[in-house]
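When a residue number appears, it is its place in the shown sequence, counting from 1.
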Amino acid sequence: MKFAVKALSSGKARAGVVHLGSCPSSIETPCLLLSTRKGLPIFISPDLLSSLPSPDSNLLQFSPLHLEGASSTLVSSGREVSKRCVNIGQEARWGDTTPNFDSSEGPSPKTISSIGGLHQMVGLHEYGFAAVARDSIQCLPECGSTNKTGASFETPCGRRLIKPVEYMEMITSMKPNLWATLADEVPAWANNKRNKTSVDRTVKWLDECIARSPAGGAVFGSIVGGSNIEERKRCAQEVAVRNVSGYWIGGFGLGESMEERPSLLNAVTDNLPKDWPRMICGLGLPEEVLQGVAAGVDLFDSAYIYHLTIGGFALTFPLDRTEKIDYNYQLSDQGSDRTKINLRATVYRKDATPIVEDCCCYTCQNHTKAYINHLLNVHEMLAQILLEIHNTHHYLGFFRSIREAIKEGCFEQFQKKFVQSRREHLAADVVSV
């Protein structure tokens, strides 16, 4: 992996390029990592991936826990197992479009290794894969069950304890282009003692992962510390002196407020070398992404797109930085908040227009709001496929606008205008109620 910073705005926001061996073209940053399940996008089939903007869409994120079998320790209670069985039964009903993430019968690391790694197994040879234990959708950290031997995660197969040696066995077999070391993530309400413990464990596991690191694949050192600024600084300083190729910033999207997030982000990025890429999970909303970019983060996960798609929402906010948003509307009448529209709303039942008039994605070029409304109402999975294509295309355009603003040296103005527009929307919403 090669990374270079190409432009800086007046603050810490930066535009760069990352080149991965399997990708034929360099990928500009800040960029979006497409969320996957077992290495494939959740709703977009491999043959439709090419319809997304390239090379912007060529970096995929996956959790090795989606593919692991019975090698990790199951620590779920009987009550939780019973609850999962009920959920699995509900997911299996006809017409339920929520994907079943059960990975208990996943191929073993040895099998994946014999196939040649994840690229070979899923047949996406010209895409880059980033492996992170947490995926912000299904494999969420469970700090209460984490101990000194390994990190605990809530997965569709139950609560699982993953030890560094098991995690590295997965990484070695799957051969991702880049991977984040195992981390002990804690929520924002954890006390200072727990934050200190999380940093100590994460640094210890970092050294264990590096010692077992396979040849090839860029190592991203994990940085945690919860809502404690001093522990965040300490962790960043410890990781910065290790032999890593980049940094994964964990522990965000776990209860911290929008107001306290910038200081936590800056506590990390201020203590990291400038020449290496930074990746983060848990910042999904546009305002959250802008906070990350302002702090100097380069790579972001895309769990936000998944949640929008499952809810039947389509992104519609303007991508032209000169366009003025008109907030003269009523939410209940249009099923819209001028950022996204709810295509389940009856107002779209006879709407023969595309989601966004000038959008060039496959969905908007070939289908209408009325058709997607119909698909949603009859529980056809094609609705989620078309929505994920559009939402991914639109959000990639948002990141392109961010990069352009940085290159022009006006990112701060871009962020301020975007956030102000969102505040005006909220004010207009209150007035219209």
Side-chain angles (χ1 to χ4, degrees), residues 5-16 28-32 53 56 252-253 256-266 269 278 280 282-305 307-308 313-331 334 336-342 355-361 364 390-433:
V5 177
K6 296 297 184 179
L8 291 168
S9 194
S10 56
K12 300 174 186 175
R14 59 196 204 162
E28 293 190 62
T29 63
C31 74
L32 185 70
D56 295 1
F252 284 96
E256 77 281 1
S257 66
M258 291 284 289
E259 291 72 24
E260 67 181 329
R261 187 179 295 124
S263 60
L264 294 171
L265 286 168
N266 290 328
T269 56
R278 298 103 176 239
I280 197 167
L283 304 187
L285 295 172
E287 297 93 332
E288 296 175 337
V289 168
L290 292 172
Q291 284 184 327
V293 172
V297 178
D298 306 295
L299 308 172
F300 297 80
D301 73 353
S302 58
Y304 177 57
I305 292 175
H307 293 298
L308 285 172
F313 291 95
L315 290 172
T316 58
F317 63 83
L319 298 177
D320 185 349
R321 289 183 284 128
T322 64
E323 185 173 344
K324 177 66 176 177
I325 305 176
D326 177 17
Y327 289 103
N328 184 23
Y329 68 97
Q330 290 190 7
L331 179 63
Q334 296 191 12
S336 165
D337 65 359
R338 298 295 182 179
T339 298
K340 59 185 181 295
I341 59 175
N342 182 0
I355 297 172
V356 176
E357 287 289 350
D358 57 349
C359 179
C360 59
C361 76
C364 290
H390 169 78
N391 287 332
T392 303
H393 192 283
H394 197 86
Y395 221 38
L396 289 172
F398 175 60
F399 275 82
R400 185 167 56 251
S401 296
I402 291 174
R403 294 194 295 268
E404 291 172 356
I406 294 172
K407 293 174 185 178
E408 294 171 9
C410 59
F411 171 77
E412 290 74 15
Q413 295 91 321
F414 172 76
Q415 181 184 17
K416 183 178 179 180
K417 180 180 178 182
F418 189 94
V419 173
Q420 182 61 35
S421 295
R422 294 276 277 178
R423 288 174 179 170
E424 290 175 2
H425 141 61
L426 293 174
D429 192 20
V430 170
V431 171
S432 65
V433 173

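Distance check: L285 CG to M258 CE gives 7.0 Å after rounding to the nearest 0.5 Å. The NE2 atom of H394 sits 6.5 Å away from the OG1 atom of T316 when rounded to the nearest 0.5 Å. Between the CD atom in E412 and the NZ atom in K12 there is a gap of 11.5 Å [rounded to 0.5 Å]. Considering CG of D301 and CG of L283, their distance stands at 7.5 Å, rounded to 0.5 Å. Once rounded to the nearest 0.5 Å, the distance linking OG1 of T29 with CD1 of I402 reads 11.0 Å.
For L396 against P53, the heavy-atom pair with the smallest separation is CD1-CD, 3.8 Å. Of all the heavy atoms in I406 and A7, the pair that sits closest is CG2-O, 3.9 Å. Nearest heavy-atom pair across C31 and L299 is SG-CD2, 3.1 Å. In plain terms, the two heavy atoms of G282 and E288 that are nearest each other are O-OE1, 4.0 Å. Closest approach of F399 and P30 over heavy atoms only: CD2-O, 3.6 Å.
For A314, the side-chain contact (heavy atoms from CB on, under 4.5 Å) partners at least two apart in sequence or on another chain are I341, L343, I355, L387, H390, N391. In this view, R403 and D56 satisfy the side chain to side chain donor-acceptor pair (under 3.5 Å) rule, not counting sequence neighbours. Residues that satisfy the side-chain contact (heavy atoms from CB on, under 4.5 Å) test with Q413, not counting sequence neighbours, are C410. In this structure, the ring-ring contact (aromatic ring centres under 6.0 Å, His included) partners of Y304, at least two apart in sequence or on a different chain, are Y395. Considering only residues two or more places apart in sequence or on other chains, E260 meets the salt bridge (charged side-chain N to carboxylate O under 4.0 Å, His left out) condition with none of them. Under the side chain to side chain donor-acceptor pair (under 3.5 Å) criterion, S302 pairs with S35, not counting sequence neighbours. Under the side chain to side chain donor-acceptor pair (under 3.5 Å) criterion, T269 pairs with no residue at all, not counting sequence neighbours. Checked against side-chain contact (heavy atoms from CB on, under 4.5 Å), E357 has the following partners two or more places apart in sequence or in another chain: T353, P354. For A294, the side-chain contact (heavy atoms from CB on, under 4.5 Å) partners two or more places apart in sequence, or in a different chain, are F411, Q415. D298 is linked by a salt bridge (charged side-chain N to carboxylate O under 4.0 Å, His left out) to R14, counting only residues two or more places apart in sequence or in another chain. In this view, K407 and E28 satisfy the salt bridge (charged side-chain N to carboxylate O under 4.0 Å, His left out) rule, not counting sequence neighbours.
Identified under the salt bridge (charged side-chain N to carboxylate O under 4.0 Å, His left out) test for residues 390-399, with sequence neighbours left out: none.
At least one side-chain heavy atom of L265 sits less than 4.5 Å from a side-chain heavy atom of I280. Side-chain contact between L290 and F414 is present, with heavy atoms from C-beta onward closer than 4.5 Å. Residues V293 and S9 are not in side-chain contact: their nearest non-hydrogen atoms beyond the backbone lie 4.5 Å or more apart.
Taking the six-membered ring where the residue is Trp, the centroids of H307 and F313 are separated by 6.0 Å or more.
Remark: side-chain polar atoms of Q420 are not paired, donor with acceptor, to backbone N or O of K416 under 3.5 angstrom. Counting only distance, with no hydrogens or angles, the side chain of R278 and the backbone of G296 share a donor-acceptor pair below 3.5 Å.
The aromatic rings of F398 and F418 sit tilted, their planes meeting at an angle between 30° and 60°.
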